[in-house]
Amino acid sequence: MQEPSAKPKRRFKMPSAYTILFFIIIIIAILTWIIPAGQYSTDKAGNIIAHTYRAVKANPQGIWDVFMSPIVGMVGNDKTSGAIDVSLFILVIGGFLGVVNRTKALDDGIATIVRRFKGKEKWLIPILMILFAAGGTSYGMSEETIAFYPLLIPVMIGVGFDSLVAIGIALIGSQVGCLASTVNPFATGVASQSLNLTPGDGIGSRALLLVLTTALSIWYVYHYAAKIEKDPTKSYLYEQRDEDRARFLVSTDADQGEMTGRQKSVLSLFGLTFVLMIMGLIPWDQINSHWTFFTTFTKWLTEIPFLGNLLGSDIAPMGTWYFSEITMLFLFMSVVIMFVFKMKESDFIESFFSGMNDFIGVAIIVAVARGIQVVMNDGNISATVLHWGETGLSSMSSAFFIILTYIFYIPMSFLIPSTSGLAAATMGIIGPIGKFAGVAPSLVITAYQAASGWVNLITPTSGVVMGALAIAHVNINVWWKFIAKLMIYLFILTCVFLGIMAIL
């Protein structure tokens, strides 16, 4: 008689970011029944005034409030600003990327660079890593890197490197860019909106961090590539070297034509769009009171008879842009790309909405995460938590606080892998606490996104990491071994950088 087979054990599966955030909302709602209620006085701009905390009547949150919180998180109320402007921007930039991807300008652009550097492939490491870092720091390039591994892996193996070099170029390049996000709308943008800042605040220090971390990462990958070029046995994948050569060494020139003139124009417009966004977000007159060129030019332009009305008399000068203006920019440039590429109207609509569809989850998670802040604010416990922070941080140095904030966000990034969700869930509390420690809110944002980018290089819950390793047939333990030293270097560099910036 055959023995009944044992039931397979169910493996634990990490719940989605939505479920984790909703559980946090429930926990916060329970805390509104326990934590004393309180409020701070604010100035005309809505900023909290230190040492003005006072106790108020409790307002515990119930089941109704828990399920209403994501709704209010999207549209806002008198205590919490809504996430609708951020969510709409995320959807529109998704549409913009969908239109650009439809032209294949990005894919063919990278392929063209690879072909032109044939015989000088080692130089591809710094060039491509800088390009991927630019994508990460500007628009959070991540999933898009998956398309490049089938192209990069054969090239790197063919010249004597291994697939770890190929993964390092795209994955490390893009995620270091995200680590030092300058204007990344899904990290910097959401976090800035939570603190009522423009994404241009702190862009100078983040740009410096980008240069430092990108240079370090390029050196690390280049050093490894040079080492295994001289001695292939130094490769972490040496045992599967023959298998990889048989598996990946095919012609990389097949089906790869030269870029068309239209694609080159699309690439130019793609880059111009992000340049305009950055220029629009930087508060020029706050950096230097004499830098009023854009304000003066816009005023002159709008006062020209007929032309001013035709363009729009309400044009906002660069330096004063926020989410509404940059959302309009990406919508407008999407249409421009449609005409330049001579795309059919039906193809444009299909690709734009397909791109939006890819980002619906990100747009919604921002509102769900904002629900945490809604429950805290409506339950009158936000001020109490801030008061505890104010009291506890009275003797803490600014450098110690910002490093502690960076370390805090590392496990939080594992718990809530969505950068947008993490920012919306926590920045409303951590940012104001930083003020009590003498730390600028923009530096708190830098600490958060640095931790998120650091974690995204190694987390097994990332589809990008696991997808890249699956394509390259690399075990994640090998990847961790390869990147371990770089992770330590990046951690130390970031801590030192944050500490110095907090003191300055």
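Computed from a predicted structure; not experimentally measured. Reckoned from all heavy atoms, side chains included, excluding hydrogens, waters and symmetry mates.
Side chains of M74 and S87 form a contact here, defined as non-hydrogen atoms less than 4.5 Å apart. With a 4.5 Å cut-off on side-chain heavy atoms, V75 and I84 do not count as touching. A heavy-atom distance below 4.5 Å is not found between the side chains of F132 and I172. Side-chain contact check for V335 versus F348: some heavy-atom pair is nearer than 4.5 Å. At least one side-chain heavy atom of F89 sits less than 4.5 Å from a side-chain heavy atom of F330. Within the 4.5 Å cutoff, the side chain of L331 has heavy atoms near those of the F352 side chain. R370 is listed as a side-chain neighbour of S81, based on a closest heavy-atom distance under 4.5 Å. S217 places a side-chain heavy atom less than 4.5 Å from the side chain of L486.
A donor-acceptor distance shorter than 3.5 angstrom exists from the side chain of T32 to the backbone of Q61, with no hydrogens or angles considered. In terms of modelled atom types and a separation under 3.5 Å, the side chain of T298 and the main chain of T295 share no donor-acceptor contact. No donor-acceptor distance shorter than 3.5 angstrom exists from the side chain of W479 to the backbone of V465, with no hydrogens or angles considered. Within the 3.5 Å criterion, the main-chain N or O of D201 finds no donor-acceptor partner in the side chain of T198. The main-chain N or O of T292 is found under 3.5 Å from a side-chain atom of T296 such that the two form a donor-acceptor pair. Judged by distance alone, with hydrogens and angles left aside, the side-chain atoms of N456 form a donor-acceptor pair with the main-chain N or O of S452 at under 3.5 Å. Side chain of W321 to main chain of A316: a donor-acceptor pair is present (N/O by atom type, distance under 3.5 Å, no hydrogens or angles). Distance alone, capped at 3.5 Å, places no donor-acceptor pair between the S313 side chain and the N309 backbone.
Scanning all heavy atoms of the two residues, the minimum distance from A187 to Y448 falls at CA-OH, 3.4 Å. Listed here is the closest heavy atom pair of M333 and F96: CB-CE1, 4.0 Å. Summarising the geometry of I430 relative to Y409, their closest heavy-atom pair is CG1-OH, 3.5 Å, with the distance given to 0.1 Å. Nearest heavy atoms, A37 versus A58: CB-CA, 3.7 Å. A pairwise comparison of heavy atoms in S192 and P199 identifies OG-CA, 3.6 Å as the closest pair. The two atoms that bring S41 and T52 nearest to each other are N-OG1, 3.1 Å, heavy atoms only.
With rounding to the nearest 0.5 angstrom, the CD1 atom of I315 is 15.0 Å from the NZ atom of K299. From D347, atom CG reaches atom OG of S354 across 11.5 Å, with rounding to the nearest 0.5 Å. In this structure, T446 OG1 and L179 CG are separated by 10.0 Å, a value rounded to the nearest 0.5 Å. Note that OG of S334 is 9.5 Å distant from CE of M338, once rounded to the nearest 0.5 Å. If you take OH on Y489 and OG1 on T213, they are separated by 16.0 Å, rounding to the nearest 0.5 Å. Remark: S351 OG to L97 CG distance equals 11.0 Å, nearest 0.5 Å.
Side-chain contact of T188 with Q449: a donor-acceptor pair under 3.5 Å is present, judged by distance alone. When only modelled atom types and interatomic distance are considered, Y53 and T384 share a side-chain donor-acceptor pair under 3.5 Å. T137 and S181 are not linked by any side-chain donor-acceptor pair at a separation below 3.5 angstrom, with hydrogens and angles left out of the test.
The ring of F401 has its center no closer than 6.0 angstrom to the ring center of F436. Aromatic pair Y406/F497: ring centres not closer than 6.0 Å.
For the side chain to side chain contact (heavy atoms under 4.5 Å, CB included) with N59, the qualifying choice from N380, D65, I381 is N380, the only one to do so. A side chain to side chain contact (heavy atoms under 4.5 Å, CB included) with L498 holds for exactly one of L209, I402, L404; it is I402.
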Point to revise | side-chain contact (heavy atoms from CB on, under 4.5 Å) between R102 and E350, intermediate numbers included | key: CA-CA 10 Å; R102 184 64 172 256; E350 179 185 349; 3.9 Å; yes
**Study point:** CA sep, side-chain torsions, deciding dist, call: M318, L276, side-chain contact (heavy atoms from CB on, under 4.5 Å)
**Key:** CA-CA 8 Å; M318 287 187 172; L276 291 175; 3.4 Å; yes
Review point. Given I28 and L31, is the side-chain contact (heavy atoms from CB on, under 4.5 Å) satisfied, shown in steps?
Key: CA-CA 5 Å; I28 297 297; L31 291 177; 4.2 Å; yes
Review point. Checking side-chain contact (heavy atoms from CB on, under 4.5 Å) for the pair N77/N377: CA distance, chi angles, key distance, verdict?
Key: CA-CA 10 Å; N77 61 12; N377 290 344; over 6 Å; no
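No more than 12 heavy atoms of other residues, nucleotides or ligands shown are found within 6.0 angstrom of CD1 on I63. For K481, the NZ atom is loosely surrounded, since the number of other residues' heavy atoms within 6.0 Å does not exceed 12.
Partners of Y220 by ring pair (Phe, Tyr, Trp, His ring centres under 6.0 Å), not counting sequence neighbours, listed by chain and number: F482.
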